Amino acid sequence: MSVSAEWVQLGKGKKGIPVYYRKKEIYTMQWENDSINISECMIAAANYGGPIALTRDPRKLLRFRGTDPRQYIFVFSSSGKRISKFEWQPQSNGSLLYMGWTEEETLICVTEDARVYVFDIFGKQLLQFSLLDDIKNVGILKVKHWENGLAILTKDFTVHVVADLNSPSCEEFAPLNVPKEYDDEKEIGMCVLTPQVSAHGDLEIIVSVPQHSSIFIVTEKQCLDVALENGPFPKIAPSPSGDAIATFNESGCLWVVKSDFTENHAEFDTQSKNPPSQIAWCGEDSVCLYWEPDQINNREGNVSLLLMIGPNGDYSTFTYDSPIHLVTENDGVRVITNDTCEFLQRVPDANFDIFKIGSLTPSAMLYDAYIEFEKKNASSIRNIRAIKAKLPGAVKSCLEAAVNEFDASLQKSLLRAASYGKSFCEDFDHSEFVSTCKMLRVMNAIRDPSIGIPVTLEQYRRLTPAVIIDRLINRMQHLLAYRICNYLKIKPNNVLVHWACSKILSNEDDNIILDSVDTKLNECEGVPFSIVASTAYSVGKKNLAIQLLEREERASEQVPLLLNMGETKNALRKAIVSGETDLVYLVLLHMKSKMEVSNFFSIINEKGFRVARNLLVTYCKEQDIDFLKMFYHALDKSNEAAAMQVFESFSKDMQDQKKLLLQAKDLFNKKKEYQVDSKVCEEQIKLLQLQKELDQQAGREIFVGLSLSDTIYQCIMNGIKAAKKLKNEFKVPDKRYWWIRIAALAKLGKWNKLEKFSKKKSPIGFRPFVEACLNQGNTIEALKYIPKVTDSWEKVELYVELLRFKEAIEIAYQEKDVGMLRWIKSKSTNPKTKQTIDDLINKL
């Protein structure tokens, strides 16, 4: 039978070319053993060939069949193969109101009492939260979801939104200005436009209520009345791209409009006052409406009607002997019945060009040429010659058509036609043929009924292989995911880690698990053993977790998990070996906050932890002095503890400082080798007492906290006659005392006293006198002391600093030092001075 015999024409497209659609049966459903009847179920199907969730519809009165009265949620693949079955308990969970799938293929369940549950594909609860009390008290009218969010319309016509299920927070959007009373038997139209597709970049909730003829666009900040008169619209559905919205009003008219309601695309009178059970887009250019048997008048009894309407008002009908469910895809619509899963889509251009009756396109002629070649007919070569110039394009069309087909035999035929054609092409890129074959092989593998993910070429490209692999992992199809990774040369790390985690959850012996996980994960570089170890620890397999962590190469992943497991010593050892200071600090701070002090000090003092001890000391000196003192006392390190008392005393007032210094003195006295330090503490205490007395004499706070040298300096500066007493009391060396007194007298400008003081025998020479004068900017006084400087070089340097080159030259000449003269010359910029020096050097 001709491939195009099953096509259905739906008007004409651009350039008057007929538009054809095809409906393919992809699977015969495998759920016979579960006695599934779609008409009795609440159903939610994920797009991109995703899973189907079914449960008994609590809103329908059904005859009880079987022996188990409990309510279950079943999850099936698109082929009807059961993935999971888990119990739903209305008494504890609440009465189920809505189900839907997120983009990550997790199942959202919303109850009538405003609770939200999120399950994975196997029924494991991932999340549970309650919506606002106002929602629970008022009641829910309508729920819609999108990739990772929820929109709820309450009975007081308020829209609430959970924008991100990963961090659930319920926000109230702008209120609808409509009467609160309405007919419960009439349906409310509602859909969601995400920021990525909405006209203004905001999250928009489109709402139509029975008591109003218009449509409202509700955002967080405003509620816009579109001002329509042909409503209300009990059914509203956005196109996959969000560019258009299909609405169905109570008059039985399908109205397709641009998503911002500024442009009318199409209008079609269905002549049915009953709104359809479902409205779904078939790609971007046609809309499907489904009526259940009890919604239509038909003589054949239990027959459902599917009406497909094109953009120009053309339509086609399909009838079913059983209820159906429609799932919008970006390039078609999936039709799920009690017995089959079908895919209704526009015939792809490549397939249309090849298989339409009487087609003379290059791709059709290439396909015919291949068929004739198979029959060993010479006309095959004539067809090839006729399209020789367009052969590369024809080959590509055959490749694309092969990927668009679900039938394996037709795929092979198209691929062979492409292979036959490319053998006549001189410069054809053969890698394109290889990549197409790889793509098709992967698609066929996941389309297999045992997997049941019937993606099309367009869906495959949008999902990307990485997402497909993730979805296989979530379905526990690790072997297929691993093979696809190897086939497409993608790192299989995620697959292996997920497989290893699932292996951990099995009941096998830990040694067997460790061997198999170790063998498999070592096949790839950079596989994070820490994730697997974390899973093992979470299920109570601590020893296995520790052994797995030993195989983790990154200390940054090892250490935190070891701490969580209570393996403190091991964590500290790993952190030190890694050489990462931050990791060592992480362990130390964890130990400090979680452990008893005695245990902490005992561990930190063990052999091999010297680096940790040093880092602890560094940290505590800046952040926690008291803890450091405890640490030193516990380890009987009295000298270090005493040093910390002295260090801490610097930041205290006088009373506390004395107290700390006395404690330090006692600690230093415990060991003979620290008697000098004890004496220093004693003298510091004595100095503090003297400084207090000096402050009393001065009538203000000047001295407390100063060093001994600064105290003597301030005594001289403030005219307090205690400098010599301090010198004698604390045995200050003469040299230091002279330096202090010279600086103070020069600062005070007491030049006579300075000169008088200089007449005594100076233990430090006279250069300090010169420098003290220069520091105060008094060159005249400085010149008095230069002749008293004994060292010739020092004299010369000081004269040169004061730009007294004549005196400097005289001293150098008297010393008959040529090197000194040359140095003076290098410092001068005066040509006469330089000439004089040259003459003197010549004389020498």
Side-chain angles (χ1 to χ4, degrees), residues 683 686-687 689-691 693-700 702-704 706-817 819-821 823-824 827-828 833 836-837 840:
E683 289 186 348
K686 190 192 299 183
L687 177 62
Q689 188 61 42
L690 286 172
Q691 286 175 338
E693 294 172 3
L694 291 171
D695 275 345
Q696 291 173 349
Q697 290 182 43
R700 56 197 176 101
I702 299 174
F703 295 96
V704 172
L706 296 178
S707 66
L708 178 59
S709 296
D710 288 341
T711 303
I712 295 171
Y713 179 83
Q714 288 297 332
C715 283
I716 299 170
M717 291 294 294
N718 289 278
I720 297 173
K721 297 180 179 179
K724 286 187 178 180
K725 179 183 175 182
L726 288 167
K727 173 183 180 299
N728 296 330
E729 185 78 25
F730 293 98
K731 298 179 182 178
V732 177
D734 288 342
K735 289 184 177 182
R736 193 203 305 179
Y737 180 75
W738 272 68
W739 274 103
I740 296 169
R741 191 168 185 82
I742 290 168
L745 291 173
K747 181 72 175 179
L748 290 168
K750 294 183 178 182
W751 307 113
N752 292 333
K753 282 191 175 183
L754 184 64
E755 186 175 1
K756 183 179 179 181
F757 185 61
S758 70
K759 292 178 180 178
K760 297 179 181 180
K761 186 177 180 181
S762 173
I764 56 174
F766 288 92
R767 182 164 186 160
F769 287 86
V770 178
E771 291 176 349
C773 294
L774 291 177
N775 288 339
Q776 304 306 318
N778 195 333
T779 57
I780 295 173
E781 288 294 325
L783 288 168
K784 291 181 182 179
Y785 301 104
I786 295 177
K788 296 181 180 181
V789 176
T790 56
D791 186 88
S792 300
W793 262 104
E794 287 188 2
K795 279 184 184 180
V796 169
E797 287 173 354
L798 291 169
Y799 276 128
V800 168
E801 187 176 348
L802 293 173
L803 302 178
R804 298 281 183 152
F805 287 97
K806 180 180 178 182
E807 289 85 346
I809 292 169
E810 288 177 356
I811 293 171
Y813 186 69
Q814 288 174 4
E815 294 290 328
K816 296 182 179 180
D817 192 331
M820 193 180 293
L821 286 168
W823 180 81
I824 296 169
K827 298 296 181 181
S828 174
T833 301
T836 301
I837 292 172
L840 291 174

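What you see is a predicted model; the values in this text were computed from it and never measured.
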| Less than 4.5 Å apart, any side-chain heavy atom of Leu783 and any of Arg804? | yes
| Side-chain contact, heavy-atom cut-off 4.5 Å: Pro763 with Tyr737? | no
If I compare all heavy atoms of [X] with all of [Y], which pair ends up nearest, and what's the gap?
X	Y	answer
Ala746	Trp751	O-CH2, 3.7 Å
Ser792	Met820	CB-CE, 4.3 Å
Trp738	Lys761	CZ2-O, 3.5 Å

| task | Carefully, step by step, assess Phe805 and Ile837 under the rule side chain to side chain contact (heavy atoms under 4.5 Å, CB included). | result | CA-CA 10 Å; Phe805 287 97; Ile837 292 172; 5.9 Å; no
Donor-acceptor pairs under 3.5 angstrom involving side-chain atoms of residues 796-803: please list them, not counting sequence neighbours.
residue: Glu797; atom: OE1; partner: Arg767; partner atom: NH1; Å: 3.3

| Tell me the ring pair (Phe, Tyr, Trp, His ring centres under 6.0 Å) pairs involving residues 760-784, sequence neighbours left out? | Phe766-Phe769, Phe769-Tyr785
Once you round to the nearest 0.5 Å, how far does [atom1] of [X] lie from [atom2] of [Y]?
X	Y	atom1	atom2	answer
Leu748	Leu754	CG	CG	10.5 Å
Leu774	Glu781	CG	CD	11.0 Å
Ile811	Lys806	CD1	NZ	12.5 Å
Glu810	Ile824	CD	CD1	10.5 Å

| With Asp734 via salt bridge (Lys or Arg N to Asp or Glu O under 4.0 Å) - residues at least two apart | Lys727
| With Glu755, which of Lys750, Lys784, Lys788, Lys760 fulfils salt bridge (charged side-chain N to carboxylate O under 4.0 Å, His left out)? | Lys784
| task | Check the pair Ser762 / Ile742 against side chain to side chain contact (heavy atoms under 4.5 Å, CB included), numbers first and verdict last. | result | CA-CA 11 Å; Ser762 173; Ile742 290 168; 5.6 Å; no
